[in-house]
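Sequence lines set the chain letters: A, B, ... in the order given, protein chains first and strands last, and positions in each chain run from 1. Worth saying up front: this structure is predicted, and the values here are computed from it rather than measured.
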Number of protein chains: 2
Amino acid sequence: MTVRIKDVAQAAGVSVATVSRALGEGPVSDSLRKKVEAAVAATGYRPNLSARRLRSQHSQTIGLIVSDIRNPFFTAVSRAVEDAAYQLGMRVILCNTDENLDKEALYLRLMQEERVTGVIFAPTRETAATLDVDALGFPVVLIDRAGPPGRHDAVVLDNAEAAALLVDHLVAQGYRRIGGLFGNTSTTGAERHAGFVAALQRHGLEAPARFVAPSAAAAEQALGLWLRDADRPDALVVSNGLFLLGVLRAVKHAELAVPGELAIAGFDNDDWTDLAGPGLTVIEQPVYEIGRTAMAMLMERLDNPAQLPRKVVLTGRLVTRGSSRPRG
Amino acid sequence: MTVRIKDVAQAAGVSVATVSRALGEGPVSDSLRKKVEAAVAATGYRPNLSARRLRSQHSQTIGLIVSDIRNPFFTAVSRAVEDAAYQLGMRVILCNTDENLDKEALYLRLMQEERVTGVIFAPTRETAATLDVDALGFPVVLIDRAGPPGRHDAVVLDNAEAAALLVDHLVAQGYRRIGGLFGNTSTTGAERHAGFVAALQRHGLEAPARFVAPSAAAAEQALGLWLRDADRPDALVVSNGLFLLGVLRAVKHAELAVPGELAIAGFDNDDWTDLAGPGLTVIEQPVYEIGRTAMAMLMERLDNPAQLPRKVVLTGRLVTRGSSRPRG
DNA sequence: ATCTTGACTGAAAACGATTGCAATCATGAC
DNA sequence: GTCATGATTGCAATCGTTTTCAGTCAAGAT
């Protein structure tokens, strides 16, 4: 039914080895190469990648494991990873874990069965803590969330610094009662919280914070409750783009003016943030570059398996918009 | 180095065939199955999927080819496809074509080399027109954009009807000078335009339209020009979520009131559309269901290769918000 | 006791490529 | 003319599974 390399060899009047070499790297005379190409065209031959991978022991596959591709941060990263991968002639297997430990374990096992070349992974805190890369059999680059220091390759944002950037900005704009909303499953939330607390401390201010599950709905609900408190903040640091959606919905529902009654500054310069309300002040993460860098680190690790784990820390850029206008 | 099925067999004191059967479907006595499972655990065996695929001739892989995963419509569809696939024990290969014909051809060839089980594909108009599914060797389900009638399995929105829904709504709200902004590369844009024109004709109104490349920037620029025209519309039908972003930016730049000076109604109930300006009136596509249905159709086609091509047409839901309030 | 039957089990042949090794061939040196 | 050399080429082994086919064995039918 389907045409094999043997058929091409027959059609070209050469051996299968020659066809393989003509299609790949091996030394082949021009005349035979031409014959082979003609035979490939004539027969409509398509190499069987499973067979090639089995024999060559190179899967040319990288795994990308994120919590949810619908999170624009991961969407952008995934696009960067895929661009880089296809440029290198590799394919990408994408997995969504929903921050679920079982799914993380499941997909890591799948990666082993695929004999992937490497994996780019945004793990939960728990998995990052217990992850033993050497036992896995392929290199791993963590993104967005770093594990225990010095154990893994990683490319992350300087989360503490970025959070401090937001705090300093809000303080400079005249806000004093600054609250924070952070995710409770990843190291990212914890780091941003730490930077948030440290920065407020420097200013001699309190640092009230709430921790929520990683979804817009959870953020909306948490903030809805908070806004009913007597001591509600007059400015808010929001730990990611999903939370920003929830925050804005809660604010809309409570009919609060932004920034008049509640200033907002958050993470992720998602497409819509310049359009919501007065425009949102945000930290822009170099999303595409994060993906590109992760891919590059993976390749370097493959070239040099022995080198010490490296952590690339990228810095966020503060984009100021109406939601943090000076306090009136 | 890596442990093979042969090593497991040795450790368990059985033949490789028995190990294979114990791990798969074959009939194996309970006692041996237990032994095999113990040996698998002891050795840390992971089956090699390339070898399995080569021998069994089942790749358990489906291809998903879209224009850009960063388009939230495709993001949502991809999540649905992946959920369904992993539930069935299949892998997904995701490709971004950027509406580029060469990339489309390239990735279709890649799918052949992967010997994929099937492909879910959002093609450009040109590729859809020339696509010969039978020559490909695997079933294809088109999404979002249908090809020539009766030739392919497809799951699409009733685009003309949805566009008409928007037009009827705007007319009912009192708008008369209604313009349209449509994409120029896909059949989707064309169908929505057709529904737009037909609906306006029913109302005895003109149907001024602009066609632009599929990006927010292109929409922004086109509308920027249009808004300077003397005969600019007082309401706008916008053909997709990306364009909505561009439209809102142009409107903001021109400092027009929405809906006072320009009412807006568009496609795609993206996460942010309830938060921008007065809230955007949109057609909500059943995005997750589109992905799920495409996957289901693929499975049915595999069960029954001979059946005639089917086109599933889903209907959009009108979500009315502030951007189309009755004309004052 | 013998024969059937059915349920397991193992040996060995695929699956479709790549690659180590040996053979071939033309070329230029002697 | 012979031989060494280097560049191609082909043969056959191999990658790690699944699956066919032919046993083996115990239990029940006769």
Interatomic distance, R4(B) CZ vs dT18(D) P [rounded to whole Å]: 15 Å
Beyond-backbone contact of L157(A) with V313(A), side-chain heavy atoms, under 4.5 angstrom: no
Phosphate-side-chain proximity, Q57(B) and dG16(C), N/O vs OP1/OP2 below 4.0 Å: yes
Rounded distance (Å) that lies between atom P of dT18(C) and atom CG of L23(A): 7 Å
Residues in side-chain hydrogen bond (donor to acceptor under 3.5 Å, both in side chains) contact with R292(B), at least two apart in sequence or another chain: none
Atom pair distance, as rounded to whole Å: CG in L49(B) and C1' in dT17(D): 10 Å
Neighbour count above 12 (heavy atom, 6.0 Å) for K311(A) NZ: no
Distances for protein N or O near nucleotides 19-26 of chain C N or O, under 3.5 Å:
residue: dT19(C); atom: O4'; partner: R55(A); partner atom: NH2; Å: 3.3

Residue pairs fulfilling side chain to side chain donor-acceptor pair (under 3.5 Å) with at least one residue in residues 79-93 of chain B, sequence neighbours excluded: D68(A)-R79(B), D98(A)-R79(B), E114(A)-R91(B), R79(B)-D83(B), D83(B)-Y288(B)
First of P27(B) and L54(B) reached from the 5' end of DNA chain C, by closest nucleotide: P27(B)
Counterpart residues, side-chain hydrogen bond (donor to acceptor under 3.5 Å, both in side chains), relative to T187(B) (two or more places apart): none
Qualifying ring pair (Phe, Tyr, Trp, His ring centres under 6.0 Å) pairs, either residue in residues 121-148 of chain A, two or more places apart: none
Atom-to-atom span, CZ of R53(A) to P of dG16(D) - whole angstrom: 16 Å
Selection: residues 28-36 of chain A, any non-hydrogen atom under 4.0 Å of DNA chain D: V28(A), S29(A), L32(A)
Five-pair end axes of the helix from dA1(C)-dT30(D) to dC30(C)-dG1(D), angle between them (10°): 50°
For atom CZ of R52(A) and atom P of dT17(D), their distance in whole Å: 21 Å
Within residues 32-43 of chain A or reaching into it, pairs that qualify as side chain to side chain donor-acceptor pair (under 3.5 Å) - sequence neighbours excluded: none
Summary of side chain to side chain donor-acceptor pair (under 3.5 Å) pairs that have at least one residue in residues 135-157 of chain B, sequence neighbours excluded: E99(B)-R145(B), D153(B)-R301(B)
Residue pairs passing the salt bridge (charged side-chain N to carboxylate O under 4.0 Å, His left out) test where at least one lies in residues 10-25 of chain B, sequence neighbours excluded: none
Nucleotide dC15(D), atom C1' - distance to CZ of R115(A) in whole Å: 11 Å
Contact list for residues 22-53 of chain A, test ring pair (Phe, Tyr, Trp, His ring centres under 6.0 Å), sequence neighbours left out: none
Q10(B) CD - dG16(D) P separation (whole Å): 14 Å
All salt bridge (charged side-chain N to carboxylate O under 4.0 Å, His left out) counterparts of R310(A), not counting sequence neighbours: E300(A)
Distance in angstrom units between D7(B) CG and dT17(D) C1', rounded: 13 Å
